[in-house]
Protein chains: 4
Amino acid sequence: MKTTDEGPPGPLVSAAAARRPGRPRSDQAEEAILDAVFSLFSDGATYDGLSMEMIAAAAKVGKATIYRRWPNKEALVICAIGRRLHPEKEIRVQGVSVREDLVYLLELMRGHLQDQCTGAAYDVLNQASVGNPNLYRRYFEVVIEPRRELYREVLRRGVADGELREDLDIERAMLMLTSTMHAVTRNSPPSGPVGREFSEALVDDLLRGAAEQQALSRSGGLAPA
Amino acid sequence: MKTTDEGPPGPLVSAAAARRPGRPRSDQAEEAILDAVFSLFSDGATYDGLSMEMIAAAAKVGKATIYRRWPNKEALVICAIGRRLHPEKEIRVQGVSVREDLVYLLELMRGHLQDQCTGAAYDVLNQASVGNPNLYRRYFEVVIEPRRELYREVLRRGVADGELREDLDIERAMLMLTSTMHAVTRNSPPSGPVGREFSEALVDDLLRGAAEQQALSRSGGLAPA
Amino acid sequence: MKTTDEGPPGPLVSAAAARRPGRPRSDQAEEAILDAVFSLFSDGATYDGLSMEMIAAAAKVGKATIYRRWPNKEALVICAIGRRLHPEKEIRVQGVSVREDLVYLLELMRGHLQDQCTGAAYDVLNQASVGNPNLYRRYFEVVIEPRRELYREVLRRGVADGELREDLDIERAMLMLTSTMHAVTRNSPPSGPVGREFSEALVDDLLRGAAEQQALSRSGGLAPA
Amino acid sequence: MKTTDEGPPGPLVSAAAARRPGRPRSDQAEEAILDAVFSLFSDGATYDGLSMEMIAAAAKVGKATIYRRWPNKEALVICAIGRRLHPEKEIRVQGVSVREDLVYLLELMRGHLQDQCTGAAYDVLNQASVGNPNLYRRYFEVVIEPRRELYREVLRRGVADGELREDLDIERAMLMLTSTMHAVTRNSPPSGPVGREFSEALVDDLLRGAAEQQALSRSGGLAPA
DNA sequence: CGTTAATCGAGACGGTACGTCCTGTCTTCGG
DNA sequence: CCGAAGACAGGACGTACCGTCTCGATTAACG
C-alpha cells in the first residue's frame with residue numbers, strides 16, 4: 001500500500017528480517033494519519049477540501065511524516081479508504097451454497113455503500129477521480145478488484161461444484177451483481193433505500209438464468225426420449 | 001446550463017430581444033472556452049489538473065470572460081460536457097423483438113459511454129452529484145430517467161406480448177442492464193473495451209432468466225406426459 | 001529596486017508612458033510590505049527569524065504579492081532597509097567648508113548607526129550577509145555606495161576649491177572617515193558611545209594631513225618673498 | 001569553544017584524567033566535521049546555504065554526532081573558524097620605525113582578511129555578535145583587543161621616541177588604521193583587492209598628520225624669524 | 001572476560017518556512 | 001458594457017532543514 005518506498009516485503013533470507021538502518025518508521029504515526037483522514041471525511045470534508053496540512057495537524061504529525069509514506073494526497077486517500085474497505089482479508093465466504101455466499105457478499109457491499117462513512121468515501125473517490133484516471137486506476141486496483149475477486153471465487157466454485165452452468169460467464173455475472181447493487185444504492189432516485197430482499201432477488205435473478213441449463217438438461221433429458 | 005446569470009436562452013417574444021445595454025457577449029469567446037476545455041481534456045488533462053488559467057490561456061480569453069459566464073470550474077466543465085450530451089431527443093426503438101430493442105438501447109448507451117467526451121460527461125456529472133444534490137436531481141430527471149424509461153417501455157411491452165415472464169421485476173431488469181453496461185464501460189480494467197457482443201450477451205443473460213418460466217412450463221408440460 | 005521584473009524605467013517613446021496591460025501593481029501593497037518589514041524588525045525580529053509569511057500576514061497581503069516584486073527574502077530586506085536609509089536624495093551638503101560638510105555627513109551616519117532601528121538594520125544585514133556574498137553585494141550597491149559617493153563629492157569639491165591637496169587620494173580619505181565611524185559605533189568596547197566631537201576630531205585628523213601641502217606652500221610661499 | 005557540555009579541556013590535575021564512562025568520543029569524527037565545514041565553505045557554500053545535513057553527509061557522520069559537540073550551526077561554524085584563527089601568539093613587531101612597524105601589522109591583518117577562510121572567520125564572528133553579546137565580548141577580548149594593543153604599542157613608542165606628535169590621539173589613530181583596512185578588505189567593491197601599497201599609503205596618510213607638528217614647527221620656525 | 005555505558009552511522013520524528021501555483025475577485029485599459 | 005491582461009488575498013502544495021529521538025552496532029574501561 002505504501003507508494004514511496006520500497007521493494008520486497010516478501011520473504012527475505014532466513015530470519016533477521018534485514019532491518020533497514022536508522023530509526024524505524026512509527027506505526028503509531030501511520031495509524032494516526034489514516035485515522036485523521038477518516039475523521040476529517042466523517043466531519044464532512046470533501047476530497048479537495050481536505051488538505052495535507054489539515055491531516056498533519058489532526059494527526060499531530062509533521063507533513064514530512066506523511067510524505068515519507070505517500071507521495072501525495074491521492075495516494076494517501078486511496079490507501080486510507082482502501083484500508084477501511086479492506087478487512088476483506090477476514091471475509092469468509094465458505095457458505096453452504098452459491099446463493100447464500102453471493103447474498104452475503106452483496107449484503108456486505110450494501111452495508112458499506114449505505115453506511116454514512118464508507119458511502120461518503122465512495123462518493124469522494126468517485127468525485128475526485130473524475131478526469132483523474134491515475135487516481136481512479138489505483139482506486140480500482142486497490143479497492144474494487146479485490147472485492148470483485150471474491151465474487152469471482154464464489155462463482156467459480158459454483159461452476160466447479162456443478163451448482164452453476166458450466167459455460168457461465170463469470171465476469172459478466174459478477175458485474176451484473178455488483179454494478180446493479182452499486183447503482184441502486186448510490187443513485188438516489190427513484191429506487192429509494194433497499195434491503196436484504198434486494199440482494200436476494202438479485203441473486204435469484206442470476207441463478208434463474210445461470211442454473212437453467214441443469215433445469216433444462218434435467219427436463220431436456222426427457223426430450224430425446 | 002448557465003449558472004451565473006440569465007433568464008431564458010430560449011426564443012423570445014417578437015423582436016427587440018430584450019437587448020441588454022453595452023457590448024454584447026462574444027459568442028466566439030464562449031465557443032473558444034468550451035472548445036479549450038475539450039481540447040485540454042483530450043490532451044490528457046485531468047479534472048483538477050485542469051486550471052481555469054490554462055483554459056483562459058488556451059482560449060486566448062481573459063479569466064473574467066469565463067467567470068462572467070460560469071461561476072466556477074465545476075459549472076464550466078459540466079456545461080461543456082452537457083453540450084456533447086444533448087442530442088438524445090430522437091431515439092426510436094420500434095424494434096421487432098425485446099431482444100433487438102434492448103440490444104439497440106444498450107449499444108446506444110455503449111456508444112455514449114465509450115466516447116472520449118461523452119463518457120467523461122457522465123463522470124463529471126456524477127462528480128457534481130456529490131454535495132450538489134439539486135443539480136444531480138435535475139441531471140437525473142432530465143438525462144437518466146428518460147433513458148431508463150426507454151428500457152422500461154421495452155420490458156413492459158415484452159411482458160405484455162408474452163415474451164417475458166409476467167412477474168418480471170422490470171425495475172430490477174432495467175437496473176441490471178444499464179448499471180452493468182455502465183460499469184463495464186466506465187471501469188477500465190480488467191474488462192477492457194467491450195463490443196456489441198457484450199450488449200447481446202447481457203440481454204441474453206436477462207432473457208435466459210426472464211423467459212425461463214415459459215421454458216420450464218414448456219418442458220414441464222412434457223413431464224407429466 | 002525591483003528585482004523580479006522588468007526592463008526600462010528609462011525614457012520611452014514620447015508620452016503615454018507605455019502602460020503595461022492589466023491591472024497595475026498596488027503601491028499601497030508595496031508600502032504595506034515594506035512597513036511590515038520594519039515594524040517586525042523593530043519588534044526585535046532577527047533576519048532569519050523573520051519569515052515571508054509573517055511579513056505577508058503583517059502587511060495583510062498575499063505571499064504572491066510579495067514574490068511578484070522581490071524574488072526572495074534577501075532582496076526584500078535589502079530593498080526595505082535601503083529605502084529607510086535612502087532619504088539620501090534630499091541630503092544636502094552645500095555647506096560652507098569641506099570640514100563642515102564632512103562633519104555633517106559623519107553626524108548623519110552616526111545618527112543612523114546609533115539609532116535603535118537603523119542600527120539594528122545594519123546588524124541584521126551584516127549578520128545575514130556573512131557568507132552570503134550575493135546579499136552583501138546588493139546591500140553594498142544599494143545602500144553603501146550611494147552614501148560613499150556623498151563623501152567623495154565633498155572631497156572632490158574640496159580639491160577643486162583648493163581647500164584640499166591636489167593629490168589627495170579621495171577614495172582612501174572617504175574610507176578612513178566612514179570606516180572609522182563605523183568601527184567606533186558598531187564595535188561596542190572599548191570606545192563606548194561617541195558624540196559630535198568624535199566626528200570633528202576625525203575630520204580634523206584628515207584635514208591635518210590633507211591640507212598640509214597648502215600650509216607648507218603657504219608658509220613656503222613666504223620664502224621667496 | 002565547545003558549548004554543549006563539559007568542563008575544562010585544559011590540563012587536569014595529575015593522572016586519572018577524569019575519564020567518563022562509555023565509549024569516548026571520536027576525535028576523528030570531530031576533525032572530519034570541522035574539515036567538512038571548511039571544505040564546504042571553500043566550495044562556495046554560503047552561511048545559511050550550508051546545512052547541518054550537508055555537513056553530516058560530507059563528514060560521513062550522523063547528525064547527532066555533530067549536535068553532541070555543538071549546540072547549533074552558529075556554534076559549530078564559529079568554532080571551526082576559531083581553529084583557523086588561533087596562531088597569533090607569536091607576532092613580533094620590533095621594527096626599526098613606526099612606519100615600518102605599522103605597515104607590518106597592517107600587512108599581517110590584510111593577509112588574514114584577504115584569506116579565503118580567515119576572512120570569512122571575521123564575518124561569521126561579527127554575525128555572532130548580533131544577539132549574542134557575551135560571545136562577542138569574549139571574541140573581542142581574546143582576538144580583537146590583543147591585536148589592537150599591538151598598534152597602540154607601536155604608536156605609543158612613536159610618541160615616546162618623538163617620531164609622532166605628542167598630542168596624537170592614539171586610540172583614534174589605531175582605529176583609523178585598522179578599520180580602514182578592515183573596510184577595504186571586507187567590502188568588495190569598488191576598492192578591489194588591495195596590496196602592500198595600500199598599507200603604506202594608509203600609514204603615510206596618518207603620519208602626514210601625526211608628524212605635522214614637527215613639519216610645521218620646522219617650516220614655522222622660519223616664519224617668526 | 002563479560003558487563004556496562006556512552007558512542008557511532010543512519011534516518012524518522014514534529015515543526016516551520018520556503019517558493020510555486022491556483023482560485024475567484026478586482027482593476028486597469030482599449031474597443 | 002465587454003474584451004484581454006494581469007494584480008489581488010488567500011491558501012494548499014511538495015521540498016528542505018532544524019534540532020530531537022530512536023534504532024542496532026561499536027568500543028572502551030571496569031569489575
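Quick note on labels: first sequence line is chain A, next is B, and so on, each numbered from 1. If you're wondering where the values come from, they're calculated on a predicted model, not measured in any experiment.
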Distance, rounded to the nearest Å, where [X] contributes [atom1] and [N] contributes [atom2]:
X: A:I66; N: F:dT15; atom1: CD1; atom2: P; result: 13 Å
X: A:R23; N: E:dA12; atom1: CZ; atom2: C1'; result: 5 Å
X: A:I55; N: F:dC13; atom1: CD1; atom2: C1'; result: 12 Å
X: D:Q28; N: F:dT27; atom1: CD; atom2: P; result: 11 Å
X: A:E30; N: E:dA12; atom1: CD; atom2: P; result: 13 Å
X: D:D27; N: E:dT7; atom1: CG; atom2: P; result: 13 Å

What does nucleotides 15-21 of chain E look like as a protein-contact string, B for base, S for sugar-phosphate only, - for none, at under 4.0 angstrom between heavy atoms? B-BBBB-
Side-chain polar contacts of residues 32-41 of chain C - donor-acceptor pairs under 3.5 angstrom, sequence neighbours left out - could you list them?
none

Partners passing salt bridge (charged side-chain N to carboxylate O under 4.0 Å, His left out) against C:E53 (at least two apart in sequence or in another chain):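 By the salt bridge (charged side-chain N to carboxylate O under 4.0 Å, His left out) rule, C:E53 matches C:K63.
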Contact check, side chains of B:N72 and B:M52, non-hydrogen atoms, under 4.5 Å: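 When only atoms from C-beta onward are counted, B:M52 and B:N72 do not touch, as no gap falls below 4.5 Å.
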pair C:I55-C:V61: side-chain heavy atoms closer than 4.5 Å: no
Below the 4.0 Å mark, does [N] have OP1 or OP2 next to a side-chain nitrogen or oxygen of [X]?
X: C:R69; N: F:dC8; result: yes
X: D:T65; N: E:dG9; result: yes
X: A:S26; N: E:dA12; result: no

Establish, yes or no, whether the cationic atom of C:K73 lies under 6.0 Å from the six-membered ring centre of C:Y47 and within 45° of the ring axis. yes
As a quick check of understanding, evaluate salt bridge (charged side-chain N to carboxylate O under 4.0 Å, His left out) for C:E30 and C:R69, giving each step before the final call. CA-CA 8 Å; C:E30 195 148 330; C:R69 291 168 166 73; 2.9 Å; yes
